Number of protein chains: 2
Amino acid sequence: MPPRSTRSNPLALAVLTCFLERPMHPYEVAQTLRARAKHESIRLNYGSLYGVVEALEKRQLIRARETVRAGRRPERTIYEITDTGLREMADWLSELLSAPVKEYLQFEAALSLLPALPPDEALAALRQRCATLEIEIALLDGAVAAARAHGMPRLFALESEYVQVLRRAELDYVERLAKDIESGELTGLDQWRSWYAPGGERDADAHSDVPTDPQSC
Amino acid sequence: MPPRSTRSNPLALAVLTCFLERPMHPYEVAQTLRARAKHESIRLNYGSLYGVVEALEKRQLIRARETVRAGRRPERTIYEITDTGLREMADWLSELLSAPVKEYLQFEAALSLLPALPPDEALAALRQRCATLEIEIALLDGAVAAARAHGMPRLFALESEYVQVLRRAELDYVERLAKDIESGELTGLDQWRSWYAPGGERDADAHSDVPTDPQSC
DNA sequence: CTACGATTACTCGTCAAGGAGTATTTGGAG
DNA sequence: CTCCAAATACTCCTTGACGAGTAATCGTAG
């Protein structure tokens, strides 16, 4: 089992699955992934692509098969997957599917810094997010429906379904949160308001009195 | 409004909110963030921290206030936030809260490559994920309950609530998906099975016949 | 009082991501 | 037939993340 560091970039996995179908040159890999809309779920750009292919070759997961050239264009090296590559692919994909990993989400960061904004500004921002989320969800719904209508089996749109589910859950949560701030039900709201009150004691956001690490409990 | 590139690293935002409380030296920033468990929601390590602080100073969002030294230890430079920094912080945080951004999730990538695994292996991996998710959710539940019991206001644990909500939604989805694969309800399952059947026609994963870009519809 | 492990406070080098740039070729309009 | 725009197939260079390494100091146990 190779070190985790080599499994950091999911693009490498996507590349392996392409080579599983048939040998290709890197640019064709990119075309294939784009055509199947994989770039919506996996970060893809040329700079990374060629680097990733090189790394895969160094690790012997793929091997150069032949180098062809049409006219005076740059050479295109065609790669194929090795047996090691096949095993690594199945292993890696299995792991990605079975083991949830911690992701650092932007909105998670924003929530954790929420008290650095005055309550009313925070509330306005959250309401704005709800509105945007509703639109986004509607658009995604439409796209999924259209794809289905055109005969695309569900199996090939699982990732959109998943993203959709997450977005819906987020909308739900943010709506509840906004309500709890407005209604005053959120515990800690009084402290928060007082930091930004006209005669607010101490500096804004100085929640030094807050219990520190929840994990320490 | 500064270019988006400068707003890429949420650690910079977290650093700004620290300086909002009071002037500090970078290491103290790290201590503060760690003490408040921000490193659970924001990527934090020393290499990045000092780089981020430098960048903030170059952008005039913070300024060096004084340089003290205790004994022959390395100097500690104490920074304070500027007025520009104050505005940038509020702006940035508002934006993070109000505008959902596309994140590239590992599991999203895995789902989009699911057909590269034989159906039974994929199913096993998904079931494994469900089991792990259940444990994780239970643990998070416990931590949140404990924090609340020790008097930590909800306002300071919003990010855990959010992550929790997402995990629950994910568990729900994966359970449904696993059921639909097992019951044969998932459309496309027949194709998928045939690629890996003993006399499977063509190469595994050659879903070249699949409609390409759902966005194109 | 001294030795050594833990903590403090940072530095540096590596390595990867990402995107702007480049050279070639094909397709089509005039 | 010629010229321009778009597509092809990369290359390169700048940022920036990351963590191993380091030097100084503090605590404390023998």
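The structure presented is a predicted model; accordingly, all values stated were derived computationally and were not measured. Chain letters run A, B, ... following the sequence lines, proteins first, then strands; residues in each count from 1.
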Enquirer: Can you find a pair of side-chain heavy atoms, one from B:L16 and one from B:L20, that are under 4.5 Å apart?
Expert: no
Enquirer: Over how many whole Å does the gap from B:L49 atom CG to D:dC18 atom C1' extend?
Expert: 13 Å
Enquirer: Please tell me if the side chains of B:R22 and B:E28 come closer than 4.5 Å, counting only heavy atoms from C-beta onward.
Expert: yes
Enquirer: From C:dT11, C:dA17, D:dA17, pick the nucleotide closest to the side chain of B:Y46?
Expert: C:dT11
Enquirer: So which nucleotide from C:dG19, D:dC18, C:dA9 ends up closest to the side chain of A:N45?
Expert: C:dG19
Enquirer: Using atom CD of B:E28 as one end and atom P of C:dA9 as the other, report the distance to the nearest whole Å.
Expert: 9 Å
Enquirer: Mind checking if A:G47 touches a base, just sugar-phosphate, or nothing, with heavy atoms under 4.0 Å?
Expert: base
Enquirer: Does D:dT8 have its OP1 or OP2 closer than 4.0 Å to a side-chain nitrogen or oxygen of A:H25?
Expert: no
Enquirer: Round to a whole Å and report the spacing from CG of B:N9 to P of C:dG18.
Expert: 14 Å
Enquirer: Mind calculating the distance between OH (B:Y50) and P (D:dG16) to the nearest angstrom?
Expert: 19 Å
Enquirer: When you check the gap from the basic side-chain N to the acidic O, do B:E88 and B:R7 get nearer than 4.0 Å?
Expert: yes
Enquirer: Given side chains that start at C-beta, do those of B:L113 and A:I42 come closer than 4.5 Å, heavy atoms only?
Expert: yes
Enquirer: Is B:R167 salt-bridged to B:D141, going by a charged N under 4.0 Å from an acidic O?
Expert: no
Enquirer: Verify the contact: side-chain N or O of B:Y27 to OP1 or OP2 of C:dT8, cut-off strictly under 4.0 Å; return yes or no.
Expert: yes
Enquirer: Side-chain N or O of A:R43 less than 4.0 angstrom from OP1 or OP2 on C:dA17?
Expert: no
Enquirer: Quickly work out the B:H39 NE2 to D:dC18 C1' distance and round it to whole Å.
Expert: 16 Å
Enquirer: In this structure, how many angstroms lie between the C1' atom of D:dA9 and the CD atom of A:E54, rounded?
Expert: 15 Å
Enquirer: Which whole-number value in Å describes the distance from B:Y104 OH to C:dA17 C1'?
Expert: 13 Å
Enquirer: Measure from CZ on B:R59 to P on D:dT15 and round the result to the nearest Å.
Expert: 14 Å
Enquirer: Can you identify which nucleotide, out of C:dC10, D:dC10, D:dT8, has its nearest atom closest to the A:Q31 side chain?
Expert: D:dT8
